Amino acid sequence: MTTRPLKFWQGVNQALHQEMERDEKVVLVGEDVGGPGGPYGVTRNLRATFGPNRVRDTPISEATIAGLGVGAAAVGLRPVVELMFFDFCMLAMDQIVNQAAKYRYFTGRSLPLTIRTMSGSGGSYGAQHCQSFEAWFAAVPGLTVVMPSNARDAKGLLKSAIRSDDPTLVIETFGLLTARRDTPVDEDFLVPLGVAETRRTGDDVTVVATGRMVDRALEAAERAAADGVSVEVIDPRTIAPLDRATIVGSVSRTGRLVVVQEAPAPFSVAAEVCALAVEECFGRLRAAPVRLCAEFANVPTPQDLVEARVPGVDTIHAALLKVAE
Amino acid sequence: MTTRPLKFWQGVNQALHQEMERDEKVVLVGEDVGGPGGPYGVTRNLRATFGPNRVRDTPISEATIAGLGVGAAAVGLRPVVELMFFDFCMLAMDQIVNQAAKYRYFTGRSLPLTIRTMSGSGGSYGAQHCQSFEAWFAAVPGLTVVMPSNARDAKGLLKSAIRSDDPTLVIETFGLLTARRDTPVDEDFLVPLGVAETRRTGDDVTVVATGRMVDRALEAAERAAADGVSVEVIDPRTIAPLDRATIVGSVSRTGRLVVVQEAPAPFSVAAEVCALAVEECFGRLRAAPVRLCAEFANVPTPQDLVEARVPGVDTIHAALLKVAE
Amino acid sequence: MPDDVTSPPPADLYRRLLLCRRFEEVVAEQYREGRVPGPLHLALGQEATAVGVCAALRRTDVITSTHRGHHHCLAKGADVDRMMAELLGRRTGYSAGRNGSMHIADPDVGLLGTNGIVGGGLPIATGAAFGLQVQGRDDVAVCFFGEGATATGNFGEALNLAALWALPVVFVCENNRFAELTPSSTHVAGEVWQRAEAYGFPGVRVDGGDVHAVAAASHEAVARARAGDGPTLLEVMTYRLSGHYVGDPAEYRDEAEAQAWRDRDAVVRARADLAETDAAAIDDEIETLLAGAVERALAAPAADPEELG
Amino acid sequence: MPDDVTSPPPADLYRRLLLCRRFEEVVAEQYREGRVPGPLHLALGQEATAVGVCAALRRTDVITSTHRGHHHCLAKGADVDRMMAELLGRRTGYSAGRNGSMHIADPDVGLLGTNGIVGGGLPIATGAAFGLQVQGRDDVAVCFFGEGATATGNFGEALNLAALWALPVVFVCENNRFAELTPSSTHVAGEVWQRAEAYGFPGVRVDGGDVHAVAAASHEAVARARAGDGPTLLEVMTYRLSGHYVGDPAEYRDEAEAQAWRDRDAVVRARADLAETDAAAIDDEIETLLAGAVERALAAPAADPEELG
Ligand SMILES: Cc1ncc(C[n+]2csc(CCOP(=O)(O)OP(=O)(O)O)c2C)c(N)n1
Ligand SMILES: Cc1ncc(C[n+]2csc(CCOP(=O)(O)OP(=O)(O)O)c2C)c(N)n1
Ligand SMILES: [Mg+2]
Ligand SMILES: [Mg+2]
């Protein structure tokens, strides 16, 4: 497959273009997604290409934006709705959790709805724009939750989400919008939902990393290799349903687990991964699993404070050596 | 201390009466809390006793009900706001998570706000009234989250919440409203926030149980005792901040952990407790921790289906014997 | 229901009204027998809203309903047997008996669902209208909700967006004077129907005791929506003759007021429009239908604990 | 600000307007130097809203502000040094430099906070008004928000509840014609000020280019609230001369329209009310104040990574 070094946002944008081209039932709604092409340019050119009927700028009505998706999907569209920041999803929780997630349960019908949002502390936007609560949605029966860590997955997962017949939440990471990864240009390129990617193989320690932490984990793994520690790095990509087999398989082999994420540790994805590991790999664990997470504190605004709150490459590297001891 | 066998709702009601009597800054707002005394009678007589200025029936505006609490606390009251069911809290997430929880961080001031809600599948109310997502709020810096499992704690924790200077979410369990426990009548009786209760001591297995599952765990523990397995039962009571020391202390001693809760397992309180146990007690664990939780499925309406979804005493008992093998 | 029927014959109206009324009365009996899992919110006295509004609708139009929605479901053409079975917790019910009264849906007849969340249907109906508009269909979406729901954030959001996009949606506020255990004065500041004005579309108040008035107002609103002229807000003034739920003694209610509504009962009035023999035949028909529905439901297996979802 | 001053002397008005204007221009310079962490939303051109409204307020009255709130903070009496330090990420700032522009609060002067959530202040101001009412204080709460925020669910909820309880709150919609990168026609159906009517309280539109008009309308609304007569909705028609954020080229804007607003700039007009020497003295005073604020802030230690919270 031909690939191009796309930025994360370009992956998203290409996915939207391709899927809207492919299926006229795909529509896009959200604040500023149309005329302006998104507050961060992610959706540029979609309105110009597909017109104002299919690409609409909404007012600031998060609950109803989500509801637009639920209702439109119920009458036959395949809507993609954007809720700008995860923090704003809090205004749409009823529509996402009580309505969209339960539609199939109540009606027996599919609800091909994709909800896109951004999360994470990469943007110096402070405590009401940078939260990471992907675990919330992962706890809800009926929702698929994906969290791409790079352009390739951003493209492939979003395309899969749009083609999926069930509500899927795509959590994009703000701090990665301009990060590049080689990405197939192909229209048929999909990243399957529910399948983790082993970004690096290794024998001594398993790292499960998400979002903005994947690249850091990879770099720390490189360094650890130089120190003689062989690290496997798994990016779950889909948070719910979690690819338990890949994680359990790896941890069973290495006996050591480090989970790295941008959310604080308590009641998070990292908690679930640790619980999973100890439940499923108990006899094979050679060291206590380690959670490397953001401090359990609000997200500050200045970038150095933001960075002080989340694990850096040095921290990860040190933890890898320590757990491998 | 003189005690009386109060029902759970009576514990809540007594706490409200006592704290409103004690401090005229305590006010109560919510749907039907006033005239009708609550849709389930929990707040009866408060309006008659304290008058319509301090006890108010609101319209169905969950976000603004929570906001009433935030704003009123900011100007010197000590409000208690009721959001009937956890499922309806989804309409108030912004006010709870983005506003209330961050008030101290942004302003440096206290925000003495208590938010009461009910959760759990005890009431045959179906998939939009019986959800258990206490883990969501426990993941938020700045919120205290309590989850009483009986009348005594319902009273003592609510009183502590009202006296606390920070936002506290009190999650009452619908299925327990009429369950009794001996409860001190004393006005000075408080249950401290952040402190677990060891409901039963034992040496072989630690059970951490919450809400409606505590009584079941106690019963299963009794049965297990008859089988020669000595079970310690811990009720965290406060979910955030979790009383890590009590849990870790017990698990370090028994080496075996079973977590029982009414929420499904993935990304839940049980996940956090398991993660905690393996992080802190790694060398002392003698068996894989076990999560006994609701099935990862929507809450149905018929009571037998509801019960089929959550762990019963038999299931817990069997798990205790198995883990102790 | 044939397409584009604007004013159904009196016999049809009576049949539909009676079906709503008797269906709920029969279910309430079953409830008292302990056969209905979950709470039961009846719309006795409010039948004319559902029947009047749905008289203006086609099968391909869609509605969203509420926790108090049996009459909406029936008026939109939901299957009586599957509804009865659902309420009685049977596997032959709409969702295999697992969900009961607050979660009944039948997309095939345009019923997107009753709803346990007050105001939860407002964004969904708005979204459905958007979906219909994008597809160039001339179908419409109707959103039923109580006056209590006008206090929810969803209400203002939905009205604003529907107006901005000229969506083919009719907002039907069923003002039955109570929200749970408190009167509408606890919930509604000003007048509901007037809320539409500020958004630049028509708000209309109509007498919910008069099924013809409801049907006429609905016909106009639906025609407006079909023509691409945007939303309408109908406030149907009605009365909740039942308690909030079956078992609610409703002591907060003024008995004289209730009696006044009983005295102008839409079902009774619709019956009076018919010759007695015709009316009696319909009475029999409905009793037979419902008795059969109960019988078939009770003969069906109960919801299966293995079938969680 | 002394209590119950209804119409501040022209020199005071100019001083306050100029402080808002120059504060933001100075911060914008600092931003371009890379010294301001986080995004910066300026209210250039909108100063008369904040100054006119706050002229009717006491120190013990409270306000909620928005992501675009420097002018509200300053007009309510926030400390210039602590604001400047906060924006420059210094430990001497309002929250030790950790939070920046979108999270500035000073409860001591009645500033409950700017806010990163559009519409987030609506329930809080309503709650504050409730708290004031319960305590029998005759203080009021003022809620500032943009016209974009009128589309949020919080808007309708807050208006309804404030009306039902006759709360002492003034809702001030600062209609600056844009919400992020789209014009108000994307966001507002009908007219904002009219929304109040349906809830049974006054809605008033006022010219935001005229600080006296804003002050007069606010005075009336605040008096109404203090007297226990309930809420008022003020729609102040103004214009966002800045982009959405510093750095936004604002190409979506019609330059002629912007120029028309510049031509009737409230700051310039307020200056014209004064003798030139008086005006020049105020100009100097403000420049000195701001230059000092920048200097003191830059001399202070940066926010401390050890002080997360
Ligand atoms: C968001 C939400 N809040 C509260 C409730 C609890 N509740 C159920 S019915 C009801 C009253 C609804 O009143 P109205 O909208 O007038 O409908 P009616 O019951 O009169 O048909 C309330 C408050 C709910 N189901 N959902
Ligand atoms: C709930 C929410 N949705 C979206 C945003 C992103 N956002 C920030 S400012 C803004 C526009 C606000 O417009 P308006 O209310 O008119 O205020 P203005 O910026 O014009 O002062 C938007 C959509 C947000 N901060 N909060
Ligand atoms: Mg009602
Ligand atoms: Mg604006």
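A, B, ... follow the sequence lines: proteins, then strands. Residue 1 opens every chain. Not measured: the values here are computed from a predicted model.
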Exercise for review: Please state whether the rings of B/Phe50 and B/His17 are parallel, tilted or perpendicular, taking 30° and 60° as the class boundaries.
Suggested key: tilted
Point to revise | Ion pair C/Glu306/C/Arg91, N-O distance below 4.0 Å | key: no
Practice item. Taking only Lys NZ, Arg NE, NH1 and NH2, and the carboxylate oxygens of Asp or Glu, determine whether C/Glu86 and C/Arg98 approach each other closer than 4.0 Å. Key: no
Review point. In terms of side-chain geometry, is the basic nitrogen of C/Glu191 or C/Arg205 positioned less than 4.0 Å from the acidic oxygen of its partner?
Key: yes
Practice item. Measure B/Phe88 against the heavy atoms of chain C and call it side chain, backbone, both or neither at under 4.5 Å. Key: side chain
Check your understanding: Relative to chain C, which of B/Pro300, B/Pro59, B/Ala63 shows the most heavy atom pairs under 4.5 Å?
Key -> B/Pro59
Review point. Under 6.0 Å between the ring centres of B/Tyr40 and B/Phe8?
Key: no
Point to revise | Which portion of B/Thr58 sits near chain C, non-hydrogen atoms under 4.5 angstrom | key: backbone
Exercise for review: Name the region of C/Asn115, side chain, backbone, both or neither, that has any atom closer than 4.5 Å to a heavy atom of chain B.
Suggested key: both
Study note, to complete from the structure: Most contact-rich option vs chain B, by heavy-atom pairs under 4.5 angstrom, among C/His244, C/Glu307, C/His103, is C/His103
Practice item. Output the option from B/Ala127, B/Ala308, B/Pro36, B/Pro39 having the highest count of non-hydrogen pairs under 4.5 Å with chain C. Key: B/Pro36
